[in-house]
Number of protein chains: 2
Amino acid sequence: MSEPTDEQVADLAGALDRLGRRFKLSDTAQGGRPLAEIDKLILQHVAAHPGCGPSDVARTFGVALTTISSATDRLAKRGLLERLRPSEDRRAVALDLTEAGKTHARALQDMYQSMFRDMLRRLTPAERAVFIEMVSKIA
Amino acid sequence: MSEPTDEQVADLAGALDRLGRRFKLSDTAQGGRPLAEIDKLILQHVAAHPGCGPSDVARTFGVALTTISSATDRLAKRGLLERLRPSEDRRAVALDLTEAGKTHARALQDMYQSMFRDMLRRLTPAERAVFIEMVSKIA
DNA sequence: TCAATATACTACGAGGTTCGTATTATTCAA
DNA sequence: TTGAATAATACGAACCTCGTAGTATATTGA
């Protein structure tokens with residue numbers, strides 16, 4: 001299998017650069033200041049993995065455990081997330097979203113979804129499946 | 001032209017999520033603490049547009065002008081960038097990279113390039129052209 | 001059993017980043 | 001020439017990240 005050409009690499013770089021600029025979700029956090037990037041990631045992760053712990057989150061996103069501790073603190077103060085002590089291991093903390101948190105997470109999800117939908121809309125129906133296949137292959 | 005299906009949107013979301021996690025460039029800023037994200041963007045932008053001004057940079061990346069002022073200050077202190085007063089408009093500032101800055105920008109560029117090359121390598125030579133075409137179309 | 005060690009997390013504070021307001025310098029317009 | 005607009009910086013408040021130290025609980029091994 002031959003190497004990608006320099007021109008191909010440059011073309012991809014340019015295209016991804018434009019893509020990143022075009023699809024940059026506007027962070028209109030309803031009701032207050034916008035959430036920090038890590039906070040949004042945590043919200044998404046806890047939505048997908050209810051009851052997970054801070055250590056798990058820290059490992060997933062490659063940040064310090066104390067950073068997650070601060071972030072979950074922020075989110076708890078805002079009423080988006082709650083921390084429970086499970087009885088199996090009383091050192092641990094189980095993270096769960098409140099109703100407000102779930103609503104917020106769903107709103108984020110929707111923003112991402114409509115962004116991805118807009119991307120796919122620019123391709124023909126035939127191309128869409130191919131594109132998704134290729135991205136999956138790369139990832 | 002029909003809409004993308006919800007499943008396609010979800011598949012793309014999942015694939016891009018994995019892709020983002022897989023291709024996250026390790027920020028080994030040589031000689032000191034790593035640069036902030038905006039600093040790297042500025043370095044790249046000034047490399048591509050020598051002599052541009054802070055306002056231009058702020059508009060390009062959608063951040064406050066004062067943020068760019070702080071950032072260029074950081075970069076200047078590190079000896080990566082210099083600010084000159086052009087004689088045409090003495091209010092303005094022309095940003096340019098020093099030799100060290102150019103070296104650093106080139107290193108960043110190389111990291112991105114090898115990342116993009118790795119992505120393309122996962123596709124067959126025939127697929128690569130198609131993929132680049134599609135990404136360009138979306139962007 | 002119980003002491004030593006490991007594990008899960010939080011408290012606190014230092015260092016750094018962003019951005020709004022106020023300010024300086026320069027240019028443009030009437 | 002004076003007033004408004006433009007380009008940028010100074011300063012400070014608010015915030016984020018992470019290292020160190022500390023608390024509470026679980027596990028291990030003599």
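Chain naming here is simple, since letters A, B, ... match the order of the sequence lines and numbering starts at 1 in each.
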A/R74 side chain N/O closer than 4.0 Å to the phosphate oxygens (OP1, OP2) of D/dC16?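 Checking D/dC16 against A/R74, a side-chain N or O does come within under 4.0 Å of OP1 or OP2.
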
Does C/dC9 have OP1 or OP2 sitting under 4.0 Å from an N or O in the side chain of A/R85?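 Checking A/R85 against C/dC9: no side-chain N or O falls below 4.0 Å of OP1 or OP2.
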
From C-beta outward on [X], which listed nucleotide comes closest to its side chain: [options]?
X     : options                : answer
A/S69 : C/dT27, D/dT17, C/dT10 : C/dT10
B/R33 : C/dC9, D/dA10, C/dG16  : C/dG16
A/A64 : D/dT9, D/dG19, C/dT27  : D/dG19
A/T66 : C/dC9, D/dG19, D/dA8   : D/dG19
B/R90 : C/dT26, D/dC18, D/dT9  : C/dT26

Please report the interatomic distance CG(A/D17) to CG(A/L12), rounded to the nearest 0.5 Å.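 These two atoms lie 11.0 Å from each other.
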
Value in whole Å for how far the [atom2] atom of [N] lies from [atom1] of [X]:
X     : N      : atom1 : atom2 : result
B/L35 : C/dT18 : CG    : P     : 11 Å
B/K40 : C/dG16 : NZ    : C1'   : 15 Å
B/K77 : D/dA10 : NZ    : C1'   : 11 Å
A/E37 : C/dT18 : CD    : C1'   : 14 Å
B/L84 : D/dA7  : CG    : P     : 18 Å
B/D89 : C/dC28 : CG    : C1'   : 11 Å
A/L65 : C/dC12 : CG    : P     : 17 Å
B/L41 : C/dT18 : CG    : C1'   : 14 Å

Would you indicate what [X] reaches in the nucleic acid, counting non-hydrogen atoms under 4.0 angstrom: base, sugar-phosphate, or nothing?
X     : answer
A/T67 : base
A/D73 : nothing
B/I38 : sugar-phosphate

Judged by each residue's nearest nucleotide on DNA chain D, which is more toward the 5′ side, A/S87 or A/D39?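 Nearer the 5' end of the strand: A/D39.
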
Which is more 5' along DNA chain C, the nucleotide nearest B/R91 or the one nearest B/S70? Just name the residue.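 The answer here is B/S70.
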
Group every Ile, Leu, Val, Met, Phe, Trp and Tyr by side-chain heavy-atom contacts under 4.5 Å, then state whether [X] and [Y] land in the same group.
X      : Y      : result
B/F23  : B/F116 : yes
A/L123 : A/I138 : yes
B/L80  : B/M111 : yes

Fit a plane to each ring of B/H45 and B/F61, take the angle between them on a 0 to 90° scale, and name the class: parallel (under 30°), tilted (30 to 60°) or perpendicular (over 60°).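 Answer is perpendicular, since the angle exceeds 60°.
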
